[in-house]
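To start, the structure under review is shown below, and the notes come after it.
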Amino acid sequence: MNLKQILFLFLVILATPTVWAGPPFETDDPEPVEYKHWEIYLGATAIQLQGLGWSGTMPFLELNYGPFPDAQFSLTEQVAFNSPLGGPSAYGYGDTLAGVKYRFIHEGTEIPQVAFFPQVNIPTGDATRGLGAGVAQTLLPIWLQKSWDPWTTYGGAGYWINPGTGNKNWLFAGWELQRDFGKGLTVGGEVFYHSAGTVGQMDGMGFNLGGMVHFDEVNHIVFSLGRDFIQSTYSFTGYAAYEWTFSTEPEEKEK
């Protein structure tokens, strides 16, 4: 394995748990899934590391459920890939992300809604092949949101606990703004910052632009494109998924 392949593998491991925390963006929102409702995402992600190759997930499956009011259980499973320039590609099961979102402040006329959403990245992927982080990592974030129809804005910051030789705990902060265009389309964008996650790594800053197409209350398409423009590690990031939303409660029949 040459130096370029080693660097690519190293960057893939760093990138694995940090992208698209709140579909289709890296910045998350505080709004949990409605009580006794499901959100299911099936899609793919891609990262082009400048001059080094591609990595991502194809497919991933994200499950969100509202077991209680103001609470959400989340589980993301994924099949990961990486394809370094000049080296062998790898494809297999990646890391697993699990978390619980709890909204403890509801949105009012002048105050935003606020939630705590701790998550754990479980190292189920093979780190030696660039399919996982190799260590358990924990995200401890606070997210806020305020809406003025048809506008919504949300954001916050989270602290990643990132153990391991050469690793550093690091900070992610981001903010998103979106607008609804009728009931069928939402378009938005985000900017984000992340501090260095390893010794010798530089801080980074980037953006994503994306949206959601709502065919009805059940079927949706979500997507985003962007890049890391300060450190210039990522020359491209992409996210696309089908979203299925539904309730486990039977519909009441009209009398």
Side-chain angles (χ1 to χ4, degrees), residues 7-30 45-57 60 62 74 76 78 80 82 94-95 97 99 101 115-123 125 127 130 132-145 153-178 188-210 224-239:
L7 180 59
F8 176 83
L9 177 62
F10 179 68
L11 291 173
V12 168
I13 291 171
L14 289 179
T16 299
T18 66
V19 181
W20 301 290
F25 298 109
E26 296 195 32
T27 305
D28 214 332
D29 65 81
T45 65
I47 304 170
Q48 184 182 26
L49 301 172
Q50 189 169 4
L52 297 173
W54 290 84
S55 69
T57 62
F60 72 85
E62 179 179 338
S74 296
T76 301
Q78 56 192 352
N82 75 73
D95 286 351
L97 191 66
K101 180 185 291 188
F116 180 48
F117 191 11
Q119 299 178 74
V120 177
N121 186 69
I122 305 167
V135 294
Q137 300 164 313
T138 303
L139 172 62
L140 303 173
I142 292 289
W143 303 114
L144 303 87
Q145 177 177 299
T153 186
Y154 59 82
Y159 188 70
W160 273 99
I161 300 173
N162 185 32
T165 303
N167 291 345
K168 297 168 57 178
N169 296 343
W170 58 281
L171 177 71
F172 173 90
W175 206 269
E176 190 263 10
L177 176 67
Q178 66 185 43
E190 68 170 340
V191 292
F192 58 86
Y193 161 84
H194 55 85
S195 62
T198 63
V199 176
Q201 184 189 24
M202 297 175 59
D203 296 353
M205 191 171 184
F207 73 93
N208 282 298
L209 301 175
S224 69
L225 298 171
R227 65 165 296 161
D228 194 348
F229 58 78
I230 296 297
Q231 187 181 351
S232 298
T233 297
Y234 307 149
S235 57
F236 171 84
T237 62
Y239 176 106

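We count residues from 1, following the sequence as given. As the structure is a prediction and not an experimental result, all values here were calculated from the model. These values consider heavy atoms only, across backbone and side chains, with no hydrogens, waters or symmetry-generated copies.
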task = Determine whether W54 and Q48 make a side-chain contact, defined as any pair of heavy atoms from C-beta on separated by less than 4.5 Å.
result = yes
ask   = Taking all non-hydrogen atoms of both residues, which atom of A133 and which atom of A127 are closest, and how far apart?
value = C-CB, 4.1 Å
query = Between N121 and A136, is there a donor-acceptor pair closer than 3.5 Å when you use the side chain of the first and the backbone of the second?
reply = no
message = Are P23 and Y239 packed together at the side-chain level, in the sense that at least one heavy-atom pair is separated by less than 4.5 angstrom?
response = yes
request  = Please identify each residue that fulfils side chain to side chain donor-acceptor pair (under 3.5 Å) with T138, with sequence neighbours left out.
outcome  = none
request  = Look only at the side chain of N167 and the backbone of T198, and say whether a donor-acceptor pair between them is shorter than 3.5 Å.
outcome  = no
ask   = Which residues satisfy the side chain to side chain donor-acceptor pair (under 3.5 Å) test with T57, sequence neighbours excluded?
value = T45
inquiry  = If I take atom CH2 from residue W170 and atom OH from residue Y193, how far apart are they, to the nearest 0.5 angstrom?
reply    = 10.5 Å
note = Correct closest heavy-atom pair for N208 and F192 would be ND2-CE2, 3.6 Å
ask   = Heavy atoms, side chains only, cut-off 4.5 Å: are F207 and R227 in contact?
value = yes
task = Measure the spacing between CG of D95 and CZ of F60 and express it to the nearest 0.5 Å.
result = 15.0 Å
request  = Working to the nearest 0.5 Å, report the span between NZ of K168 and OG of S195.
outcome  = 7.0 Å
inquiry  = Using 0.5 Å steps for rounding, measure from the CG atom of L177 to the OH atom of Y154.
reply    = 10.0 Å
Minimum heavy-atom distance D29-W143, with the two atoms named = C-CB, 3.9 Å
message = Determine whether F116 and L140 satisfy the following criterion, side-chain contact (heavy atoms from CB on, under 4.5 Å), listing intermediate values before the conclusion.
response = CA-CA 8 Å; F116 180 48; L140 303 173; 4.2 Å; yes
remark   = One should read off an interatomic distance between L139 CG and N162 CG, to the nearest 0.5 angstrom, of 11.5 Å
query = Is T76 close to Q119 at the side-chain level, that is, under 4.5 Å between some pair of heavy atoms?
reply = no
Test item: S224 side-chain N/O and P24 main-chain N/O as donor-acceptor pair under 3.5 Å = yes
ask   = Step by step, would you call E176 with T27 a side chain to side chain donor-acceptor pair (under 3.5 Å)?
value = CA-CA 7 Å; E176 190 263 10; T27 305; over 6 Å; no
Spatial distance of atom CG (L97) from atom CD (Q78) [nearest 0.5 Å] = 8.0 Å
ask   = Of the non-hydrogen atoms in G134 and P123, which two are nearest, and what is the gap between them?
value = C-CB, 3.8 Å
Minimum-distance pair of heavy atoms, taken over all atoms of L225 and G238 = CD2-CA, 4.1 Å
